[in-house]
Participant: 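Would you mind keeping the following structure in view while I ask a few things?
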Amino acid sequence: MTERFGKLPVFLWVSCLLFLMLGAGVRAKDDGFTYVLYGDLTAQQVAHIEVALAENRDRVMTSLGLASLPPITVQIWRDEQDYQDAMEATLGMRAPGSRGYVTGESEIRLLFHNNLSAQKEAVHEFVHAATLNLNPDFGNNPRWLWEAAAIFLAGEFVDPASSKQFDAGECPSLETLSSPFDRGGSIYRSGYLLGEFITSKWGAAALPELIKANGDTLAALGTEQSAFEAGWCTFVQQKYRS
């Protein structure tokens, strides 16, 4: 999910940021990230997240064709209530079940946990921020590609054999995969496969081109959306379901 500070007056954005950072531990590093830790979180506890972001920063930039990025602020909460409260204070909404989101091209926010998925989730949100540097109007526009790019570049593979949405030779439509955050997780089970299909058929440069075109497959890939969907489904069924 994402919302951008560009939707808020500048003075309100600054006020929200200052309010949220009061009492937090702030630590700038020389790898392009500044960490803001809330509650009793320590640098040692979030070291796995710092390592993941540092190790993947250059790879993600290369994959997206980005020569540079602004410094990225990473805000991390331990308490879910505080995390949701901060989201509501900034964006005017809550997203139960969320573990991360971005507020723009230079800030990501995470809910701390020690599960094995934490590192990939951090990279996922970093990809979101990076894609906004490639195309400022890309946030959830379209949602299927917004999430597919982050899922693919974060390596969040889900075996389609474990998902009924690929049964009987069928695949979800891009319209279905663009449904809102709180209406099912189809895109989270399909996103990696979309990124894999795009890059395997048209090459690595196709993904950033499609991002810049806001998912317009005809403009970026020379392929109508209906043909793209059919080709993707054939790719998935032949590689993973045959």
Side-chain angles (χ1 to χ4, degrees), residues 1-2 48-49 51-53 55-57 59-60 62-64 95-102 108 110-131 138 140 142-208 210-211 215 217 220-221 223 225-242:
M1 61 169 291
T2 185
H48 59 307
I49 293 174
V51 168
L53 291 174
E55 289 183 344
N56 285 278
R57 182 177 183 274
R59 177 187 62 82
V60 169
T62 298
S63 297
L64 295 175
S98 163
R99 286 181 170 176
Y101 63 102
V102 300
I108 68 178
L110 303 171
L111 178 62
F112 175 80
H113 63 88
N114 282 316
N115 297 345
L116 293 176
S117 61
Q119 290 177 298
K120 288 185 177 181
E121 290 168 2
V123 175
H124 177 116
E125 299 305 331
F126 170 61
V127 174
H128 279 326
T131 58
F138 184 54
N140 279 317
R143 176 165 169 73
W144 71 265
L145 184 59
W146 167 253
E147 291 296 349
I151 292 164
F152 178 66
L153 292 179
E156 296 174 297
F157 173 76
V158 176
D159 190 338
S162 67
S163 175
K164 292 183 178 181
Q165 65 186 352
F166 295 104
D167 285 350
E170 298 181 354
C171 302
S173 67
L174 298 186
E175 180 179 1
T176 297
L177 297 177
S178 290
S179 59
F181 174 78
D182 58 348
R183 295 184 184 174
S186 294
I187 185 58
Y188 297 104
R189 297 187 295 271
S190 304
Y192 185 94
L193 305 174
L194 280 161
E196 184 182 27
F197 169 63
I198 292 165
T199 55
S200 64
K201 183 172 178 61
W202 289 281
L207 184 59
L210 195 55
I211 289 169
T217 59
L221 308 176
T223 302
Q225 182 170 305
S226 58
F228 175 89
E229 289 179 312
W232 171 61
C233 194
T234 298
F235 169 82
V236 172
Q237 297 296 338
Q238 290 182 345
K239 181 169 183 178
Y240 294 104
R241 304 283 290 188
S242 59

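Keep in mind it's a predicted model, so treat the numbers as computed, not measured. Computation of the quantities below employed the complete heavy-atom set of this structure, encompassing side-chain atoms and omitting hydrogens, waters and symmetry-equivalent molecules.
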Participant: Looking only at heavy atoms, what is the nearest atom pair of Y192 and G155, with distance?
Facilitator: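 Heavy atoms of Y192 and G155 come nearest at CE1-CA, 4.1 Å.
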Participant: So which atom in L153 and which in S63 form the shortest heavy-atom distance, rounded to 0.1 Å?
Facilitator: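 Distance-wise, the nearest heavy atoms are CD2-CB, 3.7 Å.
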Participant: May I ask you to test the S162-R189 pair for a side-chain heavy-atom distance under 4.5 Å?
Facilitator: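 S162 vs R189: side chains apart.
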Participant: Roughly how far, to the nearest 0.5 Å, is the CD1 atom of I108 from the NE2 atom of H124?
Facilitator: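 Between atom NE2 of H124 and atom CD1 of I108 there are 10.5 Å.
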Participant: D167: which residues meet the salt bridge (charged side-chain N to carboxylate O under 4.0 Å, His left out) condition with it, sequence neighbours left out?
Facilitator: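 Partners of D167 under the salt bridge (charged side-chain N to carboxylate O under 4.0 Å, His left out) test: R241.
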Participant: With a cut-off of 3.5 Å and sequence neighbours excluded, list every side-chain donor-acceptor pair involving residues 193-206.
Facilitator:
from, atom 1, to, atom 2, distance (Å)
E196, OE1, Y240, OH, 2.7
E196, OE2, K239, NZ, 2.5
E196, OE2, Y240, OH, 3.1
T199, OG1, G195, O, 2.9
T199, OG1, E196, O, 3.3
S200, OG, E196, O, 2.8
S200, OG, F197, O, 3.1

Participant: Does the E170 side chain pair with the main chain of Q165, one donor and one acceptor, at a distance under 3.5 Å?
Facilitator: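 Checked: no pair found.
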Participant: What pairs of residues pass the side-chain hydrogen bond (donor to acceptor under 3.5 Å, both in side chains) test when at least one of them lies in residues 225-236, not counting sequence neighbours?
Facilitator: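 For residues 225-236: none.
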Participant: List the steps and the verdict of side-chain contact (heavy atoms from CB on, under 4.5 Å) for S178 and W146.
Facilitator: CA-CA 9 Å; S178 290; W146 167 253; over 6 Å; no
Participant: Can you pull out every salt bridge (charged side-chain N to carboxylate O under 4.0 Å, His left out) where at least one residue sits in residues 151-164? Sequence neighbours excluded, please.
Facilitator: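 Passing the test, one end in residues 151-164: no pairs.
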Participant: Can you give me the closest heavy-atom contact between C171 and F166, atom names plus distance?
Facilitator: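 Looks like SG-CD2, 3.8 Å.
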Participant: Over all heavy atoms of both residues, which pair between A130 and V60 is shortest? Give the atoms and the distance, please.
Facilitator: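 So the minimum-distance heavy-atom pair works out to CB-CG1, 4.2 Å.
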Participant: P172 versus S190: any side-chain heavy-atom pair under 4.5 Å?
Facilitator: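 Counting from C-beta outward, P172 and S190 do come under 4.5 Å.
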Participant: Once you round to the nearest 0.5 Å, how far does CZ of F228 lie from CG of L221?
Facilitator: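 Rounded to the nearest 0.5 Å, the CZ-CG separation comes out at 6.5 Å.
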Participant: Could you give the distance from CD (E147) to CH2 (W144), rounded to the nearest 0.5 Å?
Facilitator: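 If we round to the nearest 0.5 Å, E147:CD and W144:CH2 are 12.5 Å apart.
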Participant: Could you go step by step and tell me if R143 and L177 meet the side-chain contact (heavy atoms from CB on, under 4.5 Å) rule?
Facilitator: CA-CA 7 Å; R143 176 165 169 73; L177 297 177; over 6 Å; no
Participant: Would you please test L145 and I211 for side-chain contact (heavy atoms from CB on, under 4.5 Å) and show each step?
Facilitator: CA-CA 7 Å; L145 184 59; I211 289 169; 4.2 Å; yes
Participant: Identify the heavy atoms of L110 and A122 that sit nearest to each other, and give their distance.
Facilitator: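 Taking every non-hydrogen atom into account, CD1-CB, 3.9 Å.
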Participant: Compare every heavy atom of P208 with every heavy atom of L64, then report the nearest pair and how far apart it is.
Facilitator: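 Scanning both residues, the minimum pair turns out to be O-CB, 3.5 Å.
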Participant: With sequence neighbours excluded, give me every salt bridge (charged side-chain N to carboxylate O under 4.0 Å, His left out) pair touching residues 111-121.
Facilitator: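 As it turns out, the salt bridge (charged side-chain N to carboxylate O under 4.0 Å, His left out) pairs with a partner in residues 111-121, which skip direct neighbours, are R99-E121.
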Participant: Please confirm whether the backbone N or O of T223 pairs with a side-chain atom of T217, one donor and one acceptor, at under 3.5 Å?
Facilitator: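 Confirmed, T217 side chain pairs with T223 backbone.
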Participant: For the residue pair I151 and Y188, establish whether any side-chain heavy-atom pair is separated by less than 4.5 Å.
Facilitator: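 Answer yes - side chains close enough.
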Participant: Apply side chain to side chain donor-acceptor pair (under 3.5 Å) to S173 and list each qualifying residue two or more places apart in sequence or on a separate chain.
Facilitator: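 Expected list: T176.
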Participant: Enter the distance from E125:CD to S98:OG here, rounded to the nearest 0.5 Å.
Facilitator: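 Between E125 CD and S98 OG, I get 7.0 Å after rounding to 0.5 Å.
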